[in-house]
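To keep things clear, I will list the structure first and then write my remarks on it.
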Amino acid sequence: MIKELVKELEWLAAFPVINELRIHLNQKTYFDFLCSMREEGYRMFALYENNKIVAVAGVTIKTNFYYGKHVFVYDLVTQSTHRSKGYGEQLLSYIHEFARDSGCGMVALESGLARVDAHRFYETKMGYEKFCYSFKKVL
């Protein structure tokens with residue numbers, strides 16, 4: 001089952017899974033950021049197995065000149081003990097449908113350079129195209 005997480009208890013239940021991807025966060029920082037992010041349109045979806053969250057996706061709907069109206073995936077993670085069971089594919093496919101239903105023409109995401117397995121998943125299994133670099137400057 002996949003559902004959107006909209007309640008505080010659901011967000012807290014998702015923290016251990018998100019924390020596997022965002023290891024720098026503690027529960028308080030996660031919750032503080034999440035509250036701010038939700039004000040900016042961030043939405044979180046979870047895939048459940050036996051009533052337990054095993055995969056999480058965090059997205060926003062955005063519009064810009066180069067993608068038009070699109071869904072941007074900020075977070076996509078499957079709990080390490082549940083990987084290679086197709087949960088990431090199920091959840092990302094759900095996000096694709098959510099994007100279509102929301103009138104979006106594209107789903108975009110970024111993935112760290114070191115995440116070679118994730119890149120292979122996005123390109124080979126999910127049909128994503130690697131087409132640019134993303135840059136940042138810490139201030």
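Because only heavy atoms are used, hydrogens play no part in the values below, and waters and symmetry mates are left out as well, while side chains stay in. Along the sequence shown, residues carry numbers from 1.
No path of Ile, Leu, Val, Met, Phe, Trp and Tyr side chains, each step under 4.5 Å between heavy atoms, connects Leu113 with Phe135, placing them in separate hydrophobic clusters.
The shortest distance between side-chain heavy atoms of Glu123 and Glu129 does not fall below 4.5 Å. With a 4.5 Å cut-off on side-chain heavy atoms, Tyr67 and Lys62 do not count as touching.
Sequence neighbours left out, the pairs with a member in residues 113-122 that pass side-chain hydrogen bond (donor to acceptor under 3.5 Å, both in side chains) are Ser111-His119, Asp117-Arg120. Every pair passing side-chain hydrogen bond (donor to acceptor under 3.5 Å, both in side chains) that includes a residue from residues 130-139 is listed here, sequence neighbours excluded: Glu110-Ser134. Applying the ring-ring contact (aromatic ring centres under 6.0 Å, His included) definition to pairs two or more places apart or across chains, those involving residues 80-112 are Phe45-Tyr94, Phe45-Phe98, His96-Tyr128.
Taking CD1 of Ile2 as the reference point, atom CD of Glu97 lies at 11.0 Å (rounded to 0.5 Å).
A donor-acceptor pair shorter than 3.5 Å cannot be found between the side chains of Asp32 and Thr29.
Within 6.0 Å of NZ on Lys85 lie more than 12 heavy atoms contributed by other residues, nucleotides or ligands.
Across every non-hydrogen atom of Met126 and Ser93, the tightest pair is CE-OG, 3.6 Å. In terms of heavy atoms, Arg38 sits closest to Arg43 at NH1-CA, 4.5 Å. Taking both residues in full, the closest heavy atoms of Thr78 and Gly88 are given as OG1-N, 3.6 Å, listed atom of the first, atom of the second, then distance.
Asn26 places a side-chain N or O within 3.5 Å of a backbone atom of Lys28 that can act as its donor or acceptor partner. The closest donor-acceptor contact from the side chain of Lys69 to the backbone of Ser102 lies under 3.5 Å.
In this structure, Gln27 has no side-chain hydrogen bond (donor to acceptor under 3.5 Å, both in side chains) partners at least two apart in sequence or on a different chain. Annotation: side-chain hydrogen bond (donor to acceptor under 3.5 Å, both in side chains) contacts of Arg22 (sequence neighbours excluded): Asp75.
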(request) Check the pair His70 / Ile61 against side-chain contact (heavy atoms from CB on, under 4.5 Å), numbers first and verdict last. (result) CA-CA 6 Å; His70 65 283; Ile61 296 175; over 6 Å; no
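Salt bridge annotation for Glu10-Lys7: absent, with no cationic side-chain nitrogen under 4.0 angstrom from a carboxylate oxygen.
Membership of the apolar cluster around Tyr30 extends to Met1, Leu5, Trp11, Leu12, Phe15, Val17, Ile18, Leu21, Leu25, Phe31, Phe33, Leu34, Met37, Tyr42, Met44, Tyr48, Ile53, Val56, Phe72, Tyr74, Val77, as traced through chained side-chain contacts below 4.5 Å between ILVMFWY residues.
The side-chain contact (heavy atoms from CB on, under 4.5 Å) test with Val59 singles out one residue from Val107, Leu76, Ile95, Leu109, and that residue is Ile95.
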